[in-house]
Amino acid sequence: MPAVHIHNTLTGELAEINPIAGAAGPVTFYTCGPTVYDDAHIGNFRSFLNADILRRTIELTGTPVRHVMNITDVGHMTDDTNADGAGEDKMAVAGRRLLEAKKSGKIHADVAIDANDPMAIADFYANRFLEDARLLGLKVAIEAQSDPSLMPRPTQWISQMLDMIKQLIERGHAYVASDGAVYFNVKSFADYGKLSGNTLENLREGEGGRISAQHQAAKKNPGDFMLWKPDPHHVLKWDSPYGAGYPGWHLECSAMAAGLLGAEIDIHSGGEDNIFPHHECEIAQSRCAHNKPSFARLWFHTRHLIVEGEKMSKSKGNFFTARDLFAKGVTPAALRLEITRTHYRTNANFTMQGLADCQRMIDRWSRAAEALQAKVAAGTPRLVGGDAHNSASAKNANVNANANANANANANTSANVNANANINTNACANINHNAPAGPFETALPRFTQALCEDLNMARAIAALNEAVAVEDNSACAHRELAALHKMDSVLGVLERNTQVATSGDSDFEAKVNALIEVRASARRNKDFAASDRARDELVSLGVQIKDGATGTTWTRAVRA
RNA sequence: GGCCGAGUACCCAAGUGGCCUAAGGGAACGGAUUGCAAAUCCGUGAUUCGUGGGUUCAAAUCCCACCUCGGCCUCCA
């Protein structure tokens with residue numbers, strides 16, 4: 001198995017992933033998740049899904065991963081000029097927006113939520129986020145259903161944050177300033193700036209226009225950042241030795257990563273905008289509080305997504321949320337592929353055309369999977385040795401394929417296949433070990449290699465596409481299907497290539513099915529004028545029909 | 001102003017010194033199929049890599065300048 005190599009923001013070089021826990025893993029991986037004061041947009045999801053692709057790639061090479069992603073339910077400050085201190089909590093702003101959304105009908109008025117309760121707002125959006133994330137195949141969100149600790153929320157970690165502050169003060173890295181707030185002293189940490197390439201000199205005071213003079217005056221150095229803000233009137237506050245208030249937002253990830261993964265971790269990921277200040281500050285806090293030579297060994301940052309060639313930002317309002325797109329009829333699979341297929345360190349250009357391109361690719365892969373499935377079910381593979389072929393094995397084809405996909409890391413040599421056969425004695429009963437490797441088995445090592453080289457998705461996808469274009473009946477369908485599933489274990493699209501149901505679908509479905517029946521009977525009677533009328537009507541309803549060997553199927557056409 | 005990325009066909013996008021007269025996908029066009037379509041299948045497609053110089057036997061790839069776009073410089077994935 002090739003080792004995974006990833007560009008490390010901290011060193012600027014390609015680094016091999018060598019788990020702290022040893023070669024057998026697990027790799028400890030922390031991802032900065034969303035702040036749930038609004039629905040996550042596709043740019044957010046690009047960062048989360050790239051982390052998911054990395055995690056699945058590591059798993060593809062046989063190393064388990066312990067992946068943690070926070071859901072931030074503490075409001076970060078919204079007032080730009082007071083980013084280091086006061087300002088309105090985002091949850092309070094979200095509450096107002098919720099009320100407006102209800103008024104305008106964007107959110108059903110009967111959604112029971114108290115817009116004045118920040119925790120209720122956070123819960124509301126966290127649940128919507130988790131729905132979207134699971135639809136998109138974000139593995140950590142799926143795992144969190146059985147182990148919620150994998151997606152921690154900072155409001156549950158306040159005491160650990162206070163412990164860290166205490167440590168930092170005791171070790172001389174933090175101080176209580178004249179304004180009552182606790183700050184981290186950046187001059188006490190020599191490596192401050194190493195991640196972002198910023199030197200304290202280059203961080204010219206106030207250049208971003210977001211530091212208030214009032215707070216600057218209280219700090220020892222202009223670059224010092226807040227660890228605790230006493231504010232007895234804030235919407236969210238906790239007791240502390242420094243007065244009732246709330247923690248500095250960089251602290252939450254440090255505390256949760258340490259608590260759930262360890263004081264030193266293998267990988268930490270986020271969007272490129274997290275590099276500075278968020279991750280720079282995390283490194284400073286974590287290393288100083290825990291007295292360790294490193295925090296995360298490897299920093300993985302995804303560049304931003306642009307939309308139809310233009311910059312996307314919340315303030316401009318030209319962004320899509322995942323659910324916007326699902327409502328238009330975009331499949332989760334197509335969205336997942338569209339926002340992960342471009343290399344994570346380049347700005348990806350999201351387009352509706354690109355979404356359609358991805359859909360066509362996925363549809364073709366799905367057909368290939370179905371064709372292989374059918375061959376497996378039909379017992380097509382030439383059998384070697386004994387009574388392997390029976391109906392039970394055909395019935396289990398699906399299960400078998402998945403079992404193989406998981407166990408069969410490198411199906412290139414017969415030795416490997418035999419090893420797997422021993423593991424899955426029954427499951428592999430009708431595998432033909434003597435058949436030559438088919439196109440998918442041949443593509444798998446190329447696919448894996450491409451991903452191991454800094455997640456080269458384009459090359460991995462090309463390897464798969466080239467395999468799909470080749471028909472090879474001499475290969476064992478079982479093994480071919482396993483190889484295809486193995487590739488999809490990273491891409492994660494085959495399982496979610498269906499449109500998300502919207503409310504009111506059942507009436508619509510009945511109407512569509514009726515029209516399809518009208519058209520079918522008109523065609524049987526060779527009344528083509530009538531059948532074309534029915535077809536036109538279906539098109540105007542936004543329905544796309546496909547005439548297949550077994551009848552007519554339909555999907556909602558994707559609206560622009 | 002400082003630091004950091006990127007510009008490859010109509011679109012998305014690999015390739016970072018010779019296997020490049022540039023991968024893969026989509027669009028378009030031609031063919032097969034279809035009552036006609038859609039879907040599907042097959043085929044065609046950049047002598048050229050933002051612009052101008054330079055280095056080299058050899059450049060999309062290295063160097064210099066310029067243009068354009070994006071990110072960070074204490075809200076942001």
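Order of the sequence lines fixes the chain letters, A, B, ..., with proteins taken first and strands second; residue numbering starts at 1 for each chain.
- For A:Lys311 and B:G71, the shortest distance from a side-chain N or O to OP1 or OP2 is below 4.0 Å.
- Between A:Asn347 and the phosphate of B:G70, there is no side-chain N or O to OP1/OP2 separation shorter than 4.0 Å.
- Remark: the separation of the P atoms in B:U61 and B:G2 is 26 Å, to the nearest Å.
- Among the heavy atoms of the strands, none lies under 4.0 Å from A:Ile306.
- With rounding to whole Å, A:Glu537 atom CD is found 22 Å from B:A37 atom P.
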Chi angles and distances behind the ring-ring contact (aromatic ring centres under 6.0 Å, His included) call for A:Phe48, A:Phe129: CA-CA 12 Å; A:Phe48 307 145; A:Phe129 171 77; 5.7 Å; yes
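- Side chains of A:Ser286 and A:Ser254: a donor on one and an acceptor on the other come within 3.5 Å.
- Remark: C1' of B:A38 and CG of A:Asp363 are 13 Å apart, rounded to the nearest angstrom.
- Using cut-offs of 30° and 60° on the angle between ring planes, the pair A:His268 and A:Trp299 is parallel.
- Taking atom C1' on both B:U44 and B:A27, the two are 14 Å apart, rounded to the nearest angstrom.
- Atom pair A:Phe276:CZ and B:A77:C1' shows a separation of 18 Å (rounding to whole Å applied).
- Nearest to the side-chain atoms of A:Asp273 among the listed nucleotides B:G24, B:C72, B:G5 stands B:C72.
- In this entry the distance linking CG of A:Asp357 with C1' of B:A23 reads 16 Å, nearest Å.
- We find that CG of A:Asn465 is positioned 15 Å from C1' of B:C41, with the value rounded to whole Å.
- Only the C1' atoms considered, B:G26 is 12 Å distant from B:A9, to the nearest whole Å.
- Below 30°, between 30° and 60°, or above 60°: for A:Phe29 and A:His67 the angle between ring planes is below 30°, a parallel geometry.
- Counting any heavy atom pair closer than 4.0 Å across all strands shown, A:Thr553 reaches no nucleic acid atom.
- For B:G5 and B:G45, the C1' atoms lie 31 Å apart once the distance is rounded to whole Å.
- Nucleic acid contact for A:His343: sugar-phosphate only, since backbone atoms but no base atoms lie under 4.0 Å from a heavy atom of the residue.
- Taking atom P on both nucleotides, B:C10 is separated from B:A6 by 23 Å, rounded to a whole Å.
- Contacts of A:Thr342 with the nucleic acid, taken as non-hydrogen atoms under 4.0 Å apart, involve only primed sugar atoms and P, OP1 or OP2.
- Contacts of A:Asp532 with the nucleic acid, taken as non-hydrogen atoms under 4.0 Å apart, include base atoms.
- Annotation: of the two residues near RNA chain B, A:Arg364 and A:Arg341, the 5′-most nearest-nucleotide partner is A:Arg341.
- Comparing B:C29 with B:C69, their P atoms sit 33 Å apart, to the nearest whole Å.
- Of the N and O atoms on the side chains of A:Asp73 and A:Tyr125, not one donor lies less than 3.5 Å from an acceptor on the other residue.
- A distance of about 13 Å separates the P atoms of B:C62 and B:G15, rounded to the whole Å.
- Below 30°, between 30° and 60°, or above 60°: for A:Phe225 and A:Tyr192 the angle between ring planes is below 30°, a parallel geometry.
- A:Arg360 comes within 4.0 angstrom of the backbone, heavy atoms only, and of no base.
- If you take atom C1' in B:C36 and the same atom in B:A77, they sit 48 Å apart, rounded to whole Å.
- The residue among A:Arg459 and A:Asn274 whose nearest nucleotide of RNA chain B is located toward the 5' end is A:Arg459.
- Look at A:His304 and the base of B:A77; the rings stack, centres closer than 5.5 Å and planes less than 30° apart.
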